Amino acid sequence: VQLQASGGGLVQAGGSLRLSCAASGVTFSNYNMGWFRQAPGQERDFVATINWSGYSTYYADSVKGRFTISRDNAKNTVYLQMNSLKPEDTALYYCAADLTGSLSYVENEYDYWGQGTLVTVSS
């Protein structure tokens with residue numbers, strides 16, 4: 001099983017980025033997908049999750065209204081559109097796959113993890 005995250009980079013505050021996470025070795029449509037992030041010196045935090053069909057989503061309060069999670073099951077890919085970025089969004093962003101039935105913001109409930117992609121927001 002591989003989850004390959006991409007799309008990170010350096011952006012100015014107020015800018016946008018779209019992260020992608022491509023899955024292989026799994027039946028992608030069986031999995032809920034999530035994004036987490038880890039800022040330097042801090043624990044990994046939940047960002048957003050989407051159910052297997054794409055019809056249900058859930059966001060951390062800190063990103064609600066600015067970030068949008070989506071998926072394309074035909075391409076085995078989940079996305080995170082990040083708008084109105086702030087310096088405090090700077091972190092290593094991870095995608096993860098969860099085989100359980102309900103959406104979860106709990107890190108331990110995710111079965112597979114990608115390697116992370118770095119997002120740096122300058123002020």
Side-chain angles (χ1 to χ4, degrees):
V1 176
Q2 267 201 323
L3 298 177
Q4 183 71 40
S6 62
L10 174 64
V11 63
Q12 287 190 330
S16 298
L17 280 176
R18 188 176 82 153
L19 306 184
S20 300
C21 175
S24 59
V26 294
T27 303
F28 183 69
S29 57
N30 285 350
Y31 287 81
N32 298 335
M33 298 297 295
W35 287 96
F36 290 75
R37 67 186 182 186
Q38 187 169 21
Q42 298 189 21
E43 294 183 348
R44 190 156 56 185
D45 292 327
F46 167 76
V47 175
T49 184
I50 188 167
N51 79 324
W52 65 273
S53 69
Y55 283 107
S56 294
T57 58
Y58 181 70
Y59 297 91
D61 287 344
S62 58
V63 306
K64 203 173 294 182
R66 299 188 298 122
F67 291 10
T68 303
I69 189 171
S70 62
R71 68 189 295 160
D72 185 338
N73 286 346
K75 295 182 178 180
N76 286 2
T77 302
V78 62
Y79 305 97
L80 186 69
Q81 177 66 43
M82 306 185 295
N83 298 329
S84 302
L85 282 161
K86 305 174 181 180
E88 52 263 43
D89 294 318
T90 295
L92 193 59
Y93 282 72
Y94 297 89
C95 60
D98 174 17
L99 190 55
T100 60
S102 54
L103 289 179
S104 174
Y105 57 86
V106 178
E107 181 177 339
N108 289 344
E109 293 189 6
Y110 284 78
D111 303 289
Y112 302 108
W113 290 83
Q115 85 291 356
T117 185
L118 182 62
V119 172
T120 304
V121 184
S122 63
S123 57

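Remember, predicted model here, so these are calculated numbers, not experimental data.
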- Query: Is it true that Lys86 and Asp89 make a salt bridge, defined as a side-chain N closer than 4.0 Å to a carboxylate O?
  - Reply: no
- Message: With a 4.5 Å cut-off on side-chain heavy-atom distances among I, L, V, M, F, W and Y, is there a chain of contacts connecting Leu17 to Met33?
- Response: yes
- Query: Distance from Thr57 atom OG1 to Asn32 atom CG, nearest 0.5 Å?
  - Reply: 11.5 Å
- Item | Heavy-atom check, side chain of Tyr110 versus side chain of Thr49, under 4.5 Å | yes
- Item | Minimum heavy-atom distance between Ser16 and Ser84, given as atom pair plus value | OG-N, 4.4 Å
- Heavy-atom side-chain proximity of Thr68 to Tyr59 below 4.5 angstrom: yes
- Heavy-atom pair with the smallest gap, counting every atom of Gly15 and Val11: CA-CG2, 3.9 Å
- Message: A side-chain contact here means heavy atoms from C-beta on lying under 4.5 Å apart; do Arg66 and Met82 qualify?
- Response: no
- Can you tell me how far CG of Asp98 sits from CG of Asn30, rounded to the nearest 0.5 angstrom? 11.5 Å
- Heavy-atom closest pair (Asn73 atom, Ser29 atom, distance to 0.1 Å) is ND2-CB, 3.7 Å
- When clusters are formed by joining ILVMFWY residues with side-chain heavy atoms under 4.5 Å apart, either directly or through shared neighbours, do Leu99 and Leu103 land in the same one? no
- Message: With a 6.0 Å cut-off (strictly less than), is the heavy-atom count around CD of Gln2, excluding the residue itself, greater than 12?
- Response: no
- Message: Classify the ring geometry of Tyr93 against Phe67: parallel below 30°, tilted from 30° to 60°, perpendicular beyond 60°.
- Response: tilted
- Cluster check Tyr112, Val106: I/L/V/M/F/W/Y, side chain < 4.5 angstrom: no
- Is there a side-chain contact between Lys75 and Ser20 (heavy atoms, below 4.5 Å)? no
- Note on the structure: Closest heavy-atom pair, Phe28 versus Asp72, reported as atoms and distance to 0.1 Å, is CE2-O, 4.1 Å
- Message: Would you compute the distance between atom SG of Cys95 and atom CZ of Arg71 and round it to the nearest 0.5 angstrom?
- Response: 11.5 Å
- Connected via hydrophobic side-chain network under 4.5 Å: Trp52 and Val26: no
- Closest heavy-atom contact between Ala39 and Thr90? CB-O, 3.7 Å
- Message: Parallel, tilted or perpendicular, judged at 30° and 60°: which one describes the rings of Tyr58 and Tyr105?
- Response: tilted
- Minimal non-hydrogen separation, Ser104 against Phe46, with atom names: O-CE1, 3.9 Å
- Hey, are the side chains of Tyr94 and Leu3 touching, using non-hydrogen atoms and a 4.5 Å cut-off? no
- Message: Grouping I, L, V, M, F, W and Y whenever their side-chain heavy atoms are under 4.5 Å apart, do Phe36 and Tyr79 come out in a common cluster?
- Response: no
- Query: Between Leu19 and Val119, does a side-chain contact (heavy atoms from CB on, under 4.5 Å) hold up when you go through it step by step?
  - Reply: CA-CA 9 Å; Leu19 306 184; Val119 172; 4.0 Å; yes
- Query: When rounded to the nearest 0.5 angstrom, what is the spacing between CG in Asn76 and CD in Gln4?
  - Reply: 13.5 Å
- Note on the structure: In this structure, CZ of Arg37 is separated from CZ of Arg44 (nearest 0.5 Å) by 13.5 Å
